[in-house]
Structures are given as structure tokens and as C-alpha cells.
Amino acid sequence: MFSFMVYYLLRNDDHCKGEDKMRLKKWVRIIGLTAVFSVSISFSSLAAWQQDANGWAYQNDDGTYPKEEWKQIDNSWYYFDQNGYRLTGEQKIGFNYYYFDDAGVMASSCKIQFSNFIGVYDKGGALLYQTDNVEFNHTLEPGYFSDSTFINPWADYKITFPDNFEVKYFNSKVVENASSVDFAFGTSDNHNYLFVYYVKMPDTNAQSPEELLTIYADGISAQTGASKTEVTDKTVGGYPYKYVSCYTDSGVYTDYYCRIVDHHYMFIQNLYTDVTTMDHLINQFSKVN
């Protein structure tokens, strides 16, 4: 309608003379600006919560709806399911558990009292651990070998080992305080080892991978006199890990990588003297799919 009106006015301005013609062009410009402003207001007002019988959805500025994704709205984080509805209550997203209140707002950096336990959540919203010694209904699933490749779909990683490495043990509990050990690979001279193992969150007082690695590094440094790095971020096999390294003057290194997998701390531990070989080996980690 607006386009037709402007077209009509412009086509017929020959019938106007002098001041009337100038006045017409001025009004056309005003009408055009008003229309643009009105369209702008219309678009900006699209973003809004919408409710139906199935729950609450959120319409973006462009008229689309977030689905299977996180979205920050007014400084709060929400997660929307495959149908575009916000989640509430305890939810497993990826490998972590999160809690959303009745309005769908994600809990973070807090403790929440439930009927039979207290949940402790980190600043990113992931459940760190539950108190009161509640037994978790989450079971470690062991990995398996396919030729020289070790695969664990539960933790979503695989790694292929070079010929000069041999299996020391796998699917065991050799590592002290570990819930389970996927494997230990090492060179025949026993100078280079790679472990992957898990520790249940309630079995340690640490409230984050960073805090747990700091405890480990401090312990090694106190026992052996080794120097240690600060805890930093590293990506291994497509996942973010916390990382710390301890090293002695004689050139012996111990590296720890840690992330959370389904209520467990997952550790990759290197004990080695050959830096080049072990750095290359860490880069062999990848996701299963």
C-alpha cells in the first residue's frame, strides 16, 4: 500500500505547481522516513517469549526460534530443546548436568538443595558434584581395542598408538583412587607412559578440574621437588581440558589433562622424557565420530 501511494504521488506531481510541488516532495520524504522507522520498530519488537500448551519458546529478531542450543536472554542463560521449548529442572546436555529453574534460567556458581542431596554447580552451570554421599546412577563404560586403536564411545575419544608403544594394562583399577582406568600404554624402556583414567566427583574434595590439578601438581612438587606450571586451558581431541605440567631438572615430565565426563573427572596423564614423542601422541586423540 505504501509503495503504491508513493508511486501514485510521484507519477502525478506534474499536476502540482510551484510551492505545491515542493510541498508534495517534502511529504513523500516524510512518508518514506516514517515507513522505514515503522518497519524498524516492527522488526525490533519480534524478539519475545511465546507460550502454548507445550511450554515456552522464544522468537528471535528475525522471526526464527532457537532449537537445540543455548541462548543468553537479558543476562540469563537458557537451553531450548529440539522443538524450540526452554528446558526446566535437571537436564543432561552433552556430557554435563545442568539445572534450570521454573522460568528456565540456568543455575550457576551456586549450591541447590534437593530432596536428598545438594548439587554444586560451577560458573558455567555444569554440576560439579553432589554432597551427602548420594550414590550416582551413572556408570563408567569401558573402552575397547580395535587393532592398535583404543576407543571409548562413552567418553567420546579414540587414539591410535605407534608401534614402539605396548599395552601395560587396561580396564583396571591400577591407579590409586581411580574409579577406573581405560588403559596405560608405554614404551618398552618404560620411559614414556600415557594413562587415561577416571575419578568419581564425590571421591575428591576438589570442586573443579582446575582445583584438582592444582592439588595434584602441589603434591608432586612437594614429594619430588619438581617445578610446575600454572593450570591453563588446552584442547585435546576436540574437547577443552584443564592442563598442568610438572618437570624435574633431570628432564622427567608429568602432564595432567582433566575434564568432566558424566559426573567423573577424566584424566589424561603423561609421564615421559621424550617431549617430541609425547606431544605428538597427545595430538592423536580425536572424537569417536
Side-chain angles (χ1 to χ4, degrees), residues 140-152 154-200 203-204 206 209-210 212-261 264-288:
L140 280 163
E141 297 181 15
Y144 59 90
F145 283 103
S146 177
D147 296 325
S148 59
T149 299
F150 192 88
I151 303 170
N152 189 325
W154 175 77
D156 194 23
Y157 81 88
K158 61 183 177 180
I159 181 171
T160 300
F161 293 91
D163 294 337
N164 62 326
F165 275 71
E166 57 189 39
V167 180
K168 301 299 181 180
Y169 47 84
F170 70 99
N171 293 345
S172 65
K173 290 189 66 173
V174 175
V175 176
E176 184 180 1
N177 297 325
S179 301
S180 178
V181 177
D182 260 351
F183 65 80
F185 263 69
T187 53
S188 57
D189 59 11
N190 294 323
H191 287 173
N192 301 282
Y193 273 87
L194 177 67
F195 308 80
V196 172
Y197 59 93
Y198 308 89
V199 176
K200 278 188 177 181
D203 294 343
T204 174
E210 184 174 13
L212 189 54
L213 289 185
T214 300
I215 294 171
Y216 276 31
D218 288 346
I220 292 176
S221 180
Q223 293 176 14
T224 66
S227 300
K228 56 187 177 66
T229 65
E230 296 295 325
V231 177
T232 58
D233 297 313
K234 283 203 173 184
T235 299
V236 178
Y239 284 102
Y241 284 76
K242 292 298 182 180
Y243 163 81
V244 70
S245 180
C246 302
Y247 51 93
T248 67
D249 293 338
S250 59
V252 178
Y253 293 80
T254 303
D255 295 347
Y256 289 101
Y257 303 79
C258 183
R259 69 180 175 97
I260 296 174
V261 180
H264 291 80
Y265 291 115
M266 173 182 171
F267 284 92
I268 301 173
Q269 181 182 348
N270 275 345
L271 177 64
Y272 61 97
T273 57
D274 186 341
V275 176
T276 301
T277 296
M278 299 309 281
D279 281 350
H280 175 73
L281 195 54
I282 281 292
N283 290 329
Q284 301 310 302
F285 277 87
S286 63
K287 295 183 179 181
V288 173

### Task
Apply the test side-chain contact (heavy atoms from CB on, under 4.5 Å) to residues Val196 and Ile159: give CA-CA distance (whole Å), side-chain angles for both, the deciding distance (0.1 Å), then the verdict.
CA-CA 11 Å; Val196 172; Ile159 181 171; over 6 Å; no
### Task
Of all the heavy-atom pairs spanning Ile268 and Val236, show the shortest one and how long it is.
CD1-CG1, 3.9 Å
### Summary
Scanning both residues in full, the closest heavy-atom pair of Asp255 with Ser245 reads OD1-OG, 2.5 Å
### Close side-chain approach of Asp182 to Tyr144, heavy-atom, < 4.5 Å
no
#### Entry: Over all atoms of both residues, closest heavy-atom pair of Thr229 and Val244
O-CG2, 3.4 Å
### Query
Relative to each other, are the rings of Phe185 and Phe161 parallel, tilted or perpendicular (30° and 60° limits)?
parallel
### Message
Quick one: does any side-chain atom of Ser221 pair with a main-chain N or O of Gly225 as donor and acceptor, under 3.5 Å?
### Response
no
### Task
Show your working on side-chain contact (heavy atoms from CB on, under 4.5 Å) between Tyr256 and Ile220 and close with a plain yes or no.
CA-CA 11 Å; Tyr256 289 101; Ile220 292 176; 3.3 Å; yes
### Query
Do the numbers put Lys234 on top of the ring of Tyr241, so that NZ or CZ is under 6.0 Å from the six-membered ring centre and no more than 45° off the axis?
no
### Query
Can you check whether Leu194 reaches Gln269 side chain to side chain, under 4.5 Å on heavy atoms?
no
### Message
Taking the side chain as everything from C-beta on, heavy atoms only, tell me whether Val199 gets closer than 4.5 Å to Met266.
### Response
no
### Message
Let's go through Tyr157 and Val261 carefully: what are the C-alpha distance in whole Å and the side-chain angles of both, what is the deciding distance for side-chain contact (heavy atoms from CB on, under 4.5 Å) to 0.1 Å, and is it a yes or a no?
### Response
CA-CA 11 Å; Tyr157 81 88; Val261 180; over 6 Å; no
### Message
Looking at every non-hydrogen atom in both residues, tell me the closest pair between Ala155 and Tyr198 and how far apart they are.
### Response
CB-OH, 3.5 Å
### Message
So does Thr160 get a backbone contact from the side chain of Ser148, meaning a donor-acceptor N/O pair under 3.5 Å?
### Response
no
#### Entry: Enclosure of Glu230 CD (heavy-atom neighbours >12, cutoff 6.0 Å)
no
#### Entry: Heavy-atom check, side chain of Thr224 versus side chain of Val252, under 4.5 Å
no
### Least distance between heavy atoms, Asp274 atom then Asn192 atom
N-OD1, 3.1 Å
### Message
Are Phe267 and Tyr216 an aromatic pair, judged by ring center distance below 6.0 Å?
### Response
yes
### Summary
Heavy-atom nearest pair, Tyr243 first then Leu213, reads N-CD1, 3.6 Å
#### Entry: Any residue meeting salt bridge (Lys or Arg N to Asp or Glu O under 4.0 Å) with Lys242, in chain and number order, not counting sequence neighbours
Asp233
### Task
Please determine, by modelled atom types, if Tyr257 and Asn270 share a side-chain donor-acceptor pair under 3.5 angstrom.
no
### Task
Using the side-chain contact (heavy atoms from CB on, under 4.5 Å) rule, take Tyr253 and Cys246 through it: C-alpha gap first, then chi angles, then the decisive distance, then the call.
CA-CA 6 Å; Tyr253 293 80; Cys246 302; over 6 Å; no
### Task
Examine distances only and state if a side-chain atom of Asn152 and a backbone atom of Trp154 form a donor-acceptor pair shorter than 3.5 Å.
yes
#### Entry: Beyond-backbone contact of Thr149 with Ile151, side-chain heavy atoms, under 4.5 angstrom
yes
### Summary
Taken to the nearest 0.5 Å, the spacing of Lys228 NZ from Thr214 OG1 works out to 7.0 Å
### Message
I need the Ile260 CD1 to Leu212 CG distance, nearest 0.5 Å.
### Response
10.0 Å
### Task
If the plane angle is over 60° it's perpendicular, under 30° parallel, otherwise tilted; pick one for Phe195 and Tyr197.
perpendicular
### Summary
When rounded to the nearest 0.5 Å, the distance separating CG of Asp156 from NZ of Lys158 is 9.5 Å
